Amino acid sequence: IVGAEDSALVIDLKRTLRGNARVGIVDKPEQAEAVLYILNNQNDKSILTLSGGGRVREFQLTQKIMFRVADAKGNEWIPASEISVRRDFSFNDSQALAKEGEERLLVADMQADAVQQLLRLVHVEQIDISKIKRDDWEVVEYLKSSDPDLFKSLKKAAKAKTKKNN
């Protein structure tokens, strides 16, 4: 994993991957079979609704993570992609302290959700990323956008086959 070493996201990713027996983490990207590059990790808070008096009633928290996956030689397996996680929460001035605590919990929950989404995309959910190449990813993205019904049908058939084989 290449990203800000002291970021909560990178720390959470490494901790989660270390808990998975099928995945090893190495110190140097050159030693890795696949390298997850965290290109950007941004948290935002925006006003969602206002009261008639102009006071904030709801906020929306957003976490956007830009990432890509490549092998040690730099061959791209998953091109730059984004995961976005959102949470809405109500706000009341008279409960400001409690709402700050709620916000911290929501941010932590968003982080955990983002980590799980990243890991599902990259490896942990029984995807052998060493077998996925950029062309494969592009075909999947093209199929998803051009014929979503066919994509869903093929996905369902593949899951059924996997269940049958296990």
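Computed from a prediction, not measured in an experiment: that's the story for all the values here.
- Applying the side-chain contact (heavy atoms from CB on, under 4.5 Å) test to Lys155 and every residue at least two apart in sequence or in another chain returns Phe151, Lys159.
- Met66 contributes atom CE, which lies 10.5 Å from atom CD1 of Ile38 (distance to the nearest 0.5 angstrom).
- Screening residues 42-62 for salt bridge (charged side-chain N to carboxylate O under 4.0 Å, His left out), with sequence neighbours left out, gives Lys45-Glu103, Arg55-Asp93.
- Side chains of Asn40 and Ile65 form no contact here, defined as non-hydrogen atoms less than 4.5 Å apart.
- The closest donor-acceptor contact from the side chain of Ser146 to the backbone of Tyr142 lies under 3.5 Å.
- Placement of Leu48 and Met110 in two distinct hydrophobic clusters is found when ILVMFWY residues are connected by side-chain heavy-atom separations under 4.5 Å, directly or transitively.
- Within the 4.5 Å cutoff, the side chain of Thr62 has heavy atoms near those of the Ser84 side chain.
- Taking all atoms of both residues into account, the shortest heavy-atom contact from Ile83 to Ala114 is CD1-O, 4.3 Å.
- Looking at residues two or more places apart in sequence or on another chain, you find no side chain to side chain donor-acceptor pair (under 3.5 Å) involving Asp147.
- Proximity of Val2 to Leu36: side-chain heavy atoms (C-beta onward) are nowhere separated by under 4.5 Å.
- With rounding to the nearest 0.5 Å, the separation of CG in Leu39 from CD in Glu82 is 11.0 Å.
- Note: the hydrophobic cluster containing Val56 also contains Leu106 (ILVMFWY, side chain heavy atoms under 4.5 Å, direct or indirect links).
- In this view, Phe59 and Phe89, Phe91 satisfy the ring-ring contact (aromatic ring centres under 6.0 Å, His included) rule, not counting sequence neighbours.
- For Ser145 against Pro148, the heavy-atom pair with the smallest separation is O-CD, 4.2 Å.
- Considering only residues two or more places apart in sequence or on other chains, Glu102 meets the salt bridge (Lys or Arg N to Asp or Glu O under 4.0 Å) condition with Lys99.
- A donor atom on one side chain and an acceptor atom on the other are found under 3.5 Å apart for Gln63 and Gln111.
- With a 4.5 Å cut-off on side-chain heavy atoms, Ile78 and Phe67 count as touching.
- The salt bridge (Lys or Arg N to Asp or Glu O under 4.0 Å) search around Asp113 returns Arg87, not counting sequence neighbours.
- Side-chain contact between Leu17 and Ile1 is present, with at least one heavy-atom pair separated by less than 4.5 Å.
- Leu9 CG to Leu118 CG: the interatomic distance, rounded to the nearest 0.5 Å, is 6.5 Å.
- With rounding to the nearest 0.5 Å, the separation of OG in Ser46 from CG in Leu61 is 8.0 Å.
- Residues Gln117 and Val85 form a side-chain contact, since some pair of their non-hydrogen atoms from C-beta on lies under 4.5 Å apart.
- Counting heavy atoms from C-beta on, the side chains of Val69 and Val35 never come closer than 4.5 Å.
- Residues Gln116 and Thr16 meet the side-chain proximity criterion, which asks for heavy atoms closer than 4.5 Å.
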